[in-house]
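Naming convention: chains lettered A, B, ... in sequence-line order (proteins, then strands); numbering from 1 in each chain.
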2 protein chains.
Amino acid sequence: MQTIAPELADLAALIADPGRAGILTRLMDGRAQTASELARVAGITPQTASWHLAKLVERALLQVERRGPRRLYRLATPLVAQMLEGMMTVAAIDPHPSRPQPRIDAEMRRARTCYDHMAGELGVAVTEAMLERGYLELDREAGALTAAGTVFLGEFGIDLRSQPRHRRVLCRPCLDWSERRPHLAGRAGAALAALAFQRDWIRRRPQGRSVEITEAGLAAFRTLFGARI
Amino acid sequence: MQTIAPELADLAALIADPGRAGILTRLMDGRAQTASELARVAGITPQTASWHLAKLVERALLQVERRGPRRLYRLATPLVAQMLEGMMTVAAIDPHPSRPQPRIDAEMRRARTCYDHMAGELGVAVTEAMLERGYLELDREAGALTAAGTVFLGEFGIDLRSQPRHRRVLCRPCLDWSERRPHLAGRAGAALAALAFQRDWIRRRPQGRSVEITEAGLAAFRTLFGARI
DNA sequence: ATTACGCTTCGATCATGATCGAAATGTTCA
DNA sequence: TGAACATTTCGATCATGATCGAAGCGTAAT
């Protein structure tokens, strides 16, 4: 009867190590990283990282790609990212509300990517602005793009109607672990983030998952979207 | 920068023990269970279970309620259930496709509840039938109820329009770990499961999360929903 | 009050896996 | 071929936490 429980425990054990958790967190932006970089952010030696990475690949949480003498690691599927999202949401809940909240890096809280979409204050602000303007319907469980929203995104060249079978079902709420409020994920969220990178509204910082909002981006999010940020 | 990683590791460590994983799995149906029952399904002694349960409550994954000499444990929030859903989905992925799949209990695979909605073959079949009839739009990431779907559910007395702010956004896809296909979750999924229990289409089995499909239920799912089950 | 029962606490034992230095492997480039 | 560099493998050490018997505690019923 409990047939899935052992597999669940094994999977959790894989994430239960601080080193591996750091590696997975670093890979949450969906990009590939070298073994050395992952060792650095996890605060462990390359040997130890190598051992951890082998386990993660063995269990198919990560994919590895050889590029010359380096090896690039990335999350194996979006399913893994979604799982980590869910875990982070719970991990961010303080079991003892009286105690001081764990400090979250300011840049990280301001704006970051969550696999393929925008998160942090930026992600939440853009999402709430779109909600207020009636472009979006979203709660903690589900989301939908309205007709007005489809038109709005279409003006930026985002055409989500290309997939015939999926008309409105392009939104997914992703509960932001730093803001405790849902932000826009799913196909629409990914398209929006891609647009923001393309128009140089946001730029990836050289290290980490946090992104920088450019001056043009700040203006665009405020005037075009009405985001309070 | 990696500020969430240690919390993620701690959370995962809590799930990484087979005993605790068994307990959490057992509680996935959203109901409360006694400490003894949880010890039994996890295959551990009551002392050990008590120790595990204390840790899970301490970390706020579980809520405990005293009823007389017994203590009833339940998942603290739906967020925990959603997290476990996501983990089970990944846990069910076989990292080595060549090897034999882990055996899943037949009753469990046939029909079970996943926190507040139907899952297993039943959940998937009902979802697919609703998709085919155009009541639903759903992919792996998002879902929406169509106008026809709202009318259809309305005929069963399910009125999802009661919450003014949420019109169509009542569906959430939940990737079924035994079927590898999405089934209907979210508010609509919960309402549908409640209806099925109320009309005695499905009955909870005394032990475990699996449910029994009654003869009337089989007929209803087939004729009223067009489910191939 | 006493008994019965469910649950928890304590304490001793045991097993697992993370860690890093040292050395080996493998790849690219000159 | 040889040098430089990224990564992995090996081996020894170390730390953490799961386990259950025995005992204690709290609640409800007689």
Before you tell me yes or no, could you show the steps for Val211(A) and Asp29(A) under side chain to side chain contact (heavy atoms under 4.5 Å, CB included), namely the whole-Å CA-CA distance, both residues' side-chain angles and the distance that decides it to 0.1 Å? CA-CA 10 Å; Val211(A) 297; Asp29(A) 67 357; over 6 Å; no

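- In this structure, the CD atom of Glu65(B) is 15 Å from the C1' atom of dT27(D), given to the nearest Å.
- Remark: Glu37(B) engages Arg40(B) in a salt bridge, criterion side-chain N to carboxylate O under 4.0 Å.
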With B for base contact, S for sugar-phosphate-only contact and - for none (protein heavy atoms under 4.0 Å), nucleotides 18-29 of chain C reads BBBBB----SS-

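- Atom CG in Leu38(B) sits about 10 Å away from atom P in dT8(C), given to the nearest Å.
- A salt bridge does not link Arg209(B) to Asp105(B): none of the charged side-chain nitrogens sits closer than 4.0 Å to a carboxylate oxygen.
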Can you list, pair by pair, the side-chain donor-acceptor contacts under 3.5 Å of residues 74-93 of chain B, counting residues two or more places apart and other chains?
residue: Arg74(B); atom: NH2; partner: Glu65(B); partner atom: OE1; Å: 3.3
residue: Thr77(B); atom: OG1; partner: Leu79(B); partner atom: N; Å: 3.1
residue: Thr77(B); atom: OG1; partner: Val80(B); partner atom: N; Å: 3.4
residue: Glu85(B); atom: OE1; partner: Arg172(B); partner atom: NH1; Å: 3.1
residue: Glu85(B); atom: OE2; partner: Arg172(B); partner atom: NH2; Å: 3.4
residue: Thr89(B); atom: OG1; partner: Glu85(B); partner atom: O; Å: 2.8
residue: Thr89(B); atom: OG1; partner: Leu175(B); partner atom: O; Å: 3.2

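- Environment of CZ in Arg70(A): sparse, with no more than 12 heavy atoms of neighbouring residues, nucleotides or ligands closer than 6.0 Å.
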